[in-house]
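Below: the structure, in C-alpha cells.
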Amino acid sequence: MATGERLRAIDLAAGAGISVQQVRNYVDLGVLPPVSRTDSGYRIFTTEHARALVVARRMADGHGWARTREVMAAVHRGDVPAALALLDGGHAELDRERADIRRALGAFETVVGAPAASVPEPRRAARIGEVAALVGVRTSQLRLWEDRGLLRPTRSPGAGYRVYDEAELRAAQVVALLRRGAYPFEIITAVLDELRTTGSPQRVRAELARREQELHRRSLRRLRASAALYDYLRERERERERLGTP
C-alpha cells in the first residue's frame with residue numbers, strides 16, 4: 001500500500017540518521033511496508049515508509065528492536081492480531097518485573113526488621129547443628145539450601161565439617177526468614193546476591209527503589225511506543241478505506 005509523495009531511500013535514511021542499506025534491510029525484514037519498483041528496478045518509497053520508519057524507531061525505544069521487527073513485520077503482512085499479542089507480551093514482561101521488584105522489596109523489609117543472629121563465642125564460627133538451632137530449621141534444610149547455592153559454608157581443616165562464619169550465619173537466617181514468608185527461591189537468591197555485593201540491606205533497598213523508578217520510565221516509553229503503533233494502525237485503516245481495499 002505505497003501511497004503519498006515519492007521519496008528516495010537516501011531521503012529516508014538521512015531523516016532517520018541511518019544508512020541507505022539499513023533502509024533496504026528494514027524493507028526486507030518487513031519493518032517497512034513492501035515497496036513498488038520502477039520499470040528500471042529502483043525501489044519506490046513514499047511518505048508511508050517515512051511514517052513507518054518513525055513508528056519503528058519509537059517502537060524500538062520502548063520495546064527493543066527484536067520485538068519491534070516482529071511487530072512491524074506482522075502489521076505489514078496484515079496479521080494485526082499477532083502484532084497485538086507481541087505487544088501484550090511486552091507489557092506483561094514489565095508487569096512481572098514490577099511484581100518481582102515489589103516482592104524483593106518486601107523481602108528486604110523482612111530482613112531489615114529482623115535482628116541478626118550471633119555466632120557463639122568464643123569461636124566466631126559455628127557448625128551446622130548450631131546454625132540450625134540458631135535459625136530454627138533442621139540441618140537437612142541447611143544442606144538443601146547449600147545445594148541450591150544459597151549458603152556457602154567453608155570446611156574445617158582435617159575433619160571437613162561445615163563451618164559458618166557470621167556472614168553465612170546471617171545468610172542462613174535470611175533464607176529461613178524469607179522461606180517462612182513463602183518467598184520463592186529466585187527472590188531469595190536475588191536478595192542474598194545483593195546483600196553479598198553491598199553488605200547493607202538499606203543500600204539494597206535503595207537500589208531496588210532506583211530500579212523501580214527505572215522500570216516506571218521504561219513502562220512510559222513502552223506505552224508511548226504502543227500509542228505510536230496504534231496511531232499508525234489507524235492511519236493504515238483510514239487509507240485502506242479511502243482506497244477501497246480490504
Side-chain angles (χ1 to χ4, degrees), residues 62-64 66-67 89-223:
H63 290 273
R67 180 173 282 109
H91 289 288
E93 286 173 4
L94 292 184
D95 182 61
R96 289 191 294 270
E97 190 173 343
R98 194 182 305 279
D100 285 345
I101 290 175
R102 287 176 177 169
R103 295 188 76 179
L105 279 167
F108 275 106
E109 293 300 331
T110 300
V111 171
V112 170
S118 298
V119 177
E121 296 287 357
R123 288 180 297 171
R124 306 303 297 165
R127 284 167 51 177
I128 190 168
E130 295 170 301
V131 174
L134 284 166
V135 302
V137 299
R138 296 179 179 178
T139 56
S140 59
Q141 280 296 107
L142 295 177
R143 294 189 186 95
L144 173 63
W145 296 341
E146 182 183 347
D147 290 341
R148 285 182 170 270
L150 299 173
L151 301 179
R152 306 169 185 174
T154 57
R155 296 279 181 165
S156 63
Y161 294 120
R162 289 175 174 83
V163 177
Y164 296 75
D165 60 14
E166 283 193 275
E168 287 308 301
L169 175 55
R170 178 61 169 163
Q173 185 189 30
V174 167
V175 177
L177 279 169
L178 298 184
R179 287 303 289 167
R180 291 185 193 115
Y183 286 97
F185 281 114
E186 57 266 24
I187 293 294
I188 297 173
T189 299
V191 168
L192 290 175
D193 287 347
E194 294 288 354
L195 281 174
R196 285 186 168 113
T197 300
T198 68
S200 167
Q202 289 82 0
R203 286 176 59 189
V204 174
R205 185 168 52 183
E207 172 62 19
L208 284 172
R210 185 195 64 78
R211 292 183 194 175
E212 192 171 37
Q213 288 299 311
E214 172 58 25
L215 180 62
H216 177 71
R217 289 188 288 270
R218 287 167 54 203
S219 184
L220 287 175
R221 290 199 304 271
R222 194 158 293 187
L223 179 63

Does the [X] side chain pair with the main chain of [Y], one donor and one acceptor, at a distance under 3.5 Å?
X	Y	result
Glu130	Arg127	yes
Arg155	Gly160	yes
Ser219	Leu215	no

For [X], all residues meeting side chain to side chain donor-acceptor pair (under 3.5 Å), sequence neighbours excluded:
X	answer
Arg217	Glu214
Glu168	Arg196
Glu212	none
His91	Ser226

Just do the side chain to side chain contact (heavy atoms under 4.5 Å, CB included) check on Thr154 and Asp165 with the steps written out, would you?
CA-CA 8 Å; Thr154 57; Asp165 60 14; over 6 Å; no

Evaluate the criterion side chain to side chain contact (heavy atoms under 4.5 Å, CB included) for residue pair Tyr183 and Leu177; output intermediate values, then yes/no.
CA-CA 9 Å; Tyr183 286 97; Leu177 279 169; over 6 Å; no

Taking the side chain as every heavy atom from C-beta outward, state whether Tyr161 and Ile128 have any atom pair closer than 4.5 Å.
no

Between side-chain atoms of residues 142-150 and protein atoms elsewhere (two or more places apart, or another chain), which donor-acceptor pairs fall under 3.5 Å?
{"residue": "Arg143", "atom": "NH1", "partner": "Thr139", "partner atom": "OG1", "Å": "3.3"}
{"residue": "Glu146", "atom": "OE1", "partner": "Arg162", "partner atom": "NE", "Å": "2.6"}

Going by atom type alone, with no hydrogens or angles, which donor-acceptor pairs under 3.5 Å involve a side-chain atom of residues 97-108 and a protein atom two or more places apart or on another chain?
{"residue": "Glu97", "atom": "OE1", "partner": "Arg218", "partner atom": "NH1", "Å": "3.4"}
{"residue": "Glu97", "atom": "OE1", "partner": "Arg218", "partner atom": "NH2", "Å": "3.2"}
{"residue": "Glu97", "atom": "OE2", "partner": "Arg218", "partner atom": "NH1", "Å": "2.9"}

Just by distance, with hydrogens left out, do Gln173 and Arg170 show a side-chain donor and acceptor under 3.5 Å apart?
yes

Is it the case that more than 12 heavy atoms not belonging to Arg180 sit under 6.0 Å from its CZ atom?
yes

As an exercise, state the distance from CZ of Arg179 to CZ of Phe185, rounded to the nearest 0.5 Å.
3.5 Å

Of all heavy-atom pairs between Ala176 and Val135, which one has the smallest distance, and what is that distance?
CB-O, 4.1 Å

